Colleague: 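So that we are looking at the same thing, I have put the structure below in structure tokens.
Here is how names work: the chains are called A, B, and so on, in the same order as the sequence lines, proteins then strands, and each is numbered from 1. Note that the structure is predicted; figures quoted are calculated from it, not measured.
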There are 2 protein chains.
Amino acid sequence: MPSEKRDSSESDRTRQVVNHIRALLEKGALRPGDRIPPERELARELGISRASLRTGIGYLVAMGVMKVRHGVGTFIEDGPAEFNKSSLGLMGALHGFQFWQMFEARLIIEGSLAALAAERGKDEHHVALAEQVAEMFSIANNPEDFLKHDVIFHRIIAQASGNPILAALIETINSAMYEKRRKTVKRATYLRHMAEMHREIFRAIRARDAAEARKQMEEHLRVAEDAQKAEPRRPLPPGSFQQDGEKKLAAAHSD
Amino acid sequence: MPSEKRDSSESDRTRQVVNHIRALLEKGALRPGDRIPPERELARELGISRASLRTGIGYLVAMGVMKVRHGVGTFIEDGPAEFNKSSLGLMGALHGFQFWQMFEARLIIEGSLAALAAERGKDEHHVALAEQVAEMFSIANNPEDFLKHDVIFHRIIAQASGNPILAALIETINSAMYEKRRKTVKRATYLRHMAEMHREIFRAIRARDAAEARKQMEEHLRVAEDAQKAEPRRPLPPGSFQQDGEKKLAAAHSD
DNA sequence: TGTATTCTAGTGGTCAGACCATAGAAAGCT
DNA sequence: AGCTTTCTATGGTCTGACCACTAGAATACA
């Protein structure tokens, strides 16, 4: 008999819970924002202990599919698609990610996202982008607020690209970088320049000029990276990535 | 006082466990493949119940940082960096990912990966790639084995790119597609053509021709996608993605 | 002596039930 | 009405017992 593919990382009960939820999601019986039944009740329905149910829920929470609110209930995540915020940080700790690599990944993905958005963006996206750009200009002296609109601007582009998978990936990366960006932008004196760059990106997207959109986005991100680099080098805060770390090729051949 | 950023998805005990492991990873006291102490023992050390410890471990397992082997022990994951295999599938069920979107993401990321590999690849990578290509030619009539070398080939390129973050992302995507590819390749009669395409990619990388490497890779993936599409359309197997699904813009504006 | 079988210690998986902590709703007070 | 207190529902944690799996040791067999 051909043995079934088993992801040995999940035990039977956990798998049972995950499949149950997945089935409900695929059937459309469960949608973002919905609440699932109380643990005691759902455990009884599934015929498993509450502890096992909680293991399965924890698994789904860790993957960014569900969210638990103590004293309130357990819900299907309803924000933009992304992997769990801390996942990249943990993987960084394990595999020695470095910051320039995050910027590189961001440059590649967001560049393509901008190009796709130029090709596929609808009017509603153009409107939303224009609004964010306008906001950036109007409050160009409040770094905190500025960053907020910056994040939304990029998120709309991801949305406009029509590829939610790439959107989820970049959302994960940006989440991991958010704290650092927040500190950087705080002392930024170039917010107006930033706003102008965003406007250029927007114009290219609205003009459906994919190549230009990519170019502007890449330039924008390079400037952002340089600004980051210019930051005073403080000792590594807890949870940051390593400064260096060569990896061996060995693992690549694992069967 | 500025309130601390709290990821409300993790309770205190879970956080405690995750931070403990993270700290050990960052300190280098824990490396890929290492085993952590037995649950009963570690729980006592941390001063928490075994149940809580297990919650934390489950969290780390779900994020692909650890792996549990029943009856043996709990280990730090030692394979290539990637998010949990089922994460993309779950997110797909939740956000309606489609297959063409996976191919598109793959095209973009692997194209860039090939270009980076051309720029940064070392001799050892060239050697390893050549070996895989040779294997592909030699066993071009055994689809199962062929796919194995195909996977390794792409993994080496990711490694050679020098960006483990992008490598982890593509590894996650490829994992999610593996089962489907396995079925496709089974009836493939064009394996020799595939091998030739891989050889072209390899040559471009060895010649350090980034543009050509990207071009060849993209062409290769387009052919692979067409082969996939030519597959007989069977009813959606459990765990697959939806056929269609427009998303609203609303979520993008969430604060 | 070498091999197959059985046993056993170690370790993760599940269960049951109790009690704690939190958030929101309801009731009571002024 | 508006504030405070209490109650209720729901998730969080603990304890300790028992089940299930794995690997290696001990044993039996040839």
Colleague: Along nucleotides 12-22 of chain D, 5' to 3', which nucleotides get a B, which get an S, and which get a -, given that the test is a protein heavy-atom distance under 4.0 Å?
Modeller: BBSB-BB-BBS

Colleague: Suppose the criterion is ring-ring contact (aromatic ring centres under 6.0 Å, His included): which pairs have a residue in residues 72-92 of chain B, not counting sequence neighbours?
Modeller: A:Phe83-B:Phe83

Colleague: Quickly work out the A:Ile36 CD1 to D:dA9 P distance and round it to whole Å.
Modeller: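 Going from A:Ile36 (CD1) to D:dA9 (P), I get 19 Å.
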
Colleague: Can you list the residues that meet the side-chain contact (heavy atoms from CB on, under 4.5 Å) rule with B:Thr74, with sequence neighbours excluded?
Modeller: B:Ile36, B:Ile57, B:Met66, B:Val68

Colleague: Can you name the side-chain hydrogen bond (donor to acceptor under 3.5 Å, both in side chains) partners of B:Ser175, sequence neighbours left out?
Modeller: B:Glu82

Colleague: Checking A:Glu41 now: which residues fulfil side-chain contact (heavy atoms from CB on, under 4.5 Å) with it, not counting sequence neighbours?
Modeller: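 A:Glu41: side-chain contact (heavy atoms from CB on, under 4.5 Å) contacts with A:Pro37, A:Pro38, A:Arg44, A:Glu45.
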
Colleague: Please identify the 5'-most and 3'-most nucleotides of DNA chain C with any atom under 4.0 angstrom from a heavy atom of chain A.
Modeller: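 The footprint of chain A covers C:dG13 to C:dG24.
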
Colleague: For A:Glu171, what residues pass the salt bridge (charged side-chain N to carboxylate O under 4.0 Å, His left out) criterion, not counting sequence neighbours?
Modeller: A:Arg155

Colleague: Can you name the side-chain contact (heavy atoms from CB on, under 4.5 Å) partners of B:Thr55, sequence neighbours left out?
Modeller: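 Applying side-chain contact (heavy atoms from CB on, under 4.5 Å) to B:Thr55 gives B:Thr14.
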
Colleague: Can you list everything that forms a side-chain contact (heavy atoms from CB on, under 4.5 Å) with B:His20? Sequence neighbours excluded, please.
Modeller: B:Leu24, B:Leu42, B:Leu46

Colleague: Under 3.5 Å, is there a donor-acceptor pair linking the side chains of A:Gln101 and B:Asn163?
Modeller: no

